[in-house]
**Q** 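To start, I am sharing the structure in question, which I have written as structure tokens.
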Amino acid sequence: DQQVKQNSPSLSVQEGRISILNCDYTNSMFDYFLWYKKYPAEGPTFLISISSIKDKNEDGRFTVFLNKSAKHLSLHIVPSQPGDSAVYFCAARTQGGSEKLVFGKGTKLTVNP
Amino acid sequence: KAGVTQTPRYLIKTRGQQVTLSCSPISGHRSVSWYQQTPGQGLQFLFEYFSETQRNKGNFPGRFSGRQFSNSRSEMNVSTLELGDSALYLCASSLGYRSSYNEQFFGPGTRLTVL
């Protein structure tokens with residue numbers, strides 16, 4: 001049962017354009033969402049997060065949008081740079097309960113120069 | 001400050017063997033979590049330790065176990081290895097008691113191949 005779904009295994013965009021990575025979830029008890037970026041041969045690194053009480057959080061070129069009614073969040077990268085090429089994981093945390101992070105399967109982003 | 005280190009980085013084992021992986025968290029971090037990453041399942045939570053106590057566990061069989069030492073270093077063990085255990089095993093450390101409420105810092109992982 002995949003509670004956090006990243007339906008696009010890969011995404012390719014041109015340098016300077018917008019990258020939009022999507023994530024859907026099924027568990028309405030999730031109260032906090034995170035995005036991690038992973039380069040080959042390295043561990044994931046935290047990128048940006050959003051609480052369920054917000055619908056947008058921005059950090060430089062990265063913006064995360066949350067649509068609770070649709071159980072959908074997206075990560076926007078503007079403008080995209082070749083160094084952004086990596087695998088992006090969406091993760092969610094359950095309020096109370098086991099409190100562990102549940103990750104999606106990841107989307108591989110390729111930014112072409 | 002040194003990051004999370006994991007040893008070994010690569011490991012090849014055969015079915016039925018057992019394996020022990022090691023993780024040294026960032027200095028001062030007391031929480032260590034372990035994840036399994038496979039192409040088909042993404043990152044899946046294995047377990048979390050804080051102050052030498054397992055405080056959370058994922059949905060993995062009992063063949064997967066772990067422990068944490070007084071210096072916060074952690075080991076995970078997989079017994080009776082199966083082909084499906086081939087994966088990247090990631091360790092993450094965080095400062096506070098509840099790892100999911102604190103930023104987690106990941107190590108580079110141990111790539112385990114089971115033949």
Side-chain angles (χ1 to χ4, degrees), chain A residues 1-10 21-27 29-53 57 59 62 64 86-109, chain B residues 2-10 21 23-26 29 31-50 54-60 64 66 74 87-111:
Chain A
D1 172 20
Q2 196 76 18
Q3 297 184 67
V4 177
K5 301 177 184 178
Q6 293 179 258
N7 292 319
S8 298
S10 63
L21 295 98
N22 294 303
C23 179
D24 297 298
Y25 62 95
T26 58
N27 191 339
M29 296 298 288
F30 288 144
D31 70 336
Y32 196 70
F33 303 88
L34 308 90
W35 285 93
Y36 281 82
K37 179 171 72 173
K38 185 180 184 302
Y39 292 118
E42 295 182 13
T45 54
F46 171 75
L47 192 57
I48 192 170
S49 63
I50 187 167
S51 165
S52 60
I53 63 173
N57 188 26
D59 184 2
F62 303 90
V64 57
V87 177
Y88 289 78
F89 290 97
C90 170
R93 183 191 72 200
T94 310
Q95 58 182 342
S98 64
E99 300 174 354
K100 59 191 176 190
L101 286 183
V102 179
F103 284 82
K105 295 183 181 182
T107 296
K108 183 177 181 180
L109 173 66
Chain B
V4 177
T5 57
Q6 292 187 245
T7 56
R9 292 293 309 275
Y10 302 92
L21 312 181
C23 171
S24 293
I26 291 172
H29 284 194
S31 179
V32 173
S33 298
W34 287 89
Y35 295 86
Q36 181 195 65
Q37 184 190 356
T38 58
Q41 297 297 324
L43 270 79
Q44 292 188 288
F45 173 77
L46 279 156
F47 25 65
E48 175 192 353
Y49 287 86
F50 181 84
Q54 186 183 90
R55 67 170 304 273
N56 216 339
K57 190 176 188 306
N59 298 323
F60 279 82
F64 292 81
S74 177
L88 180 67
Y89 290 89
L90 292 159
C91 164
S93 76
S94 58
L95 195 57
Y97 173 60
R98 297 158 125 182
S99 66
S100 62
Y101 284 73
N102 294 271
E103 182 177 347
Q104 295 189 47
F105 295 84
F106 283 83
T110 294
R111 172 73 62 185

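Every chain is numbered from 1 and lettered A, B, ... according to where its sequence line falls, protein lines coming before strand lines. Source: prediction; values computed, not measured.
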**Q** Does any heavy atom of chain A fall under 4.5 Å from the side chain of B/Q37, the backbone, both, or neither of them?
**A**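 Side chain only.
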**Q** Above 12 or not: heavy atoms from other molecules or residues under 6.0 Å from NZ of A/K108?
**A**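 No, NZ of A/K108 has 12 or fewer neighbouring heavy atoms, counting only those of other groups under 6.0 Å.
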**Q** Under 4.5 Å heavy-atom distance to chain A, tell me which part of B/R9 shows up: side chain, backbone, both or neither.
**A**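 Side chain of B/R9 only, per the 4.5 Å heavy-atom cut-off to chain A.
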**Q** Minimum heavy-atom separation for A/A41 to B/P108, with atom names?
**A**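 In this case the closest contact between A/A41 and B/P108 is O-CB, 3.9 Å.
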**Q** Do the side chain of A/K105 and the main chain of B/G40 share a donor and acceptor less than 3.5 angstrom apart?
**A**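 Side chain of A/K105 to backbone of B/G40: a pair is present.
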**Q** Using 0.5 Å steps for rounding, measure from the NZ atom of A/K38 to the CG atom of B/L90.
**A**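 Answer rounded to 0.5 Å: 6.5 Å.
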**Q** What distance separates A/F89 CZ from B/F106 CZ, expressed to the nearest 0.5 Å?
**A**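 CZ of B/F106 is found 9.0 Å from CZ of A/F89.
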**Q** Could you report the tightest heavy-atom contact between B/F45 and A/L101, atom names first, then the distance?
**A**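 Looks like CB-O, 4.1 Å.
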**Q** Considering only heavy atoms and a distance below 4.5 Å, find which of A/G106, A/P9, A/P44 pairs most often with chain B.
**A**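 The residue among A/G106, A/P9, A/P44 with the greatest pair count is A/P44.
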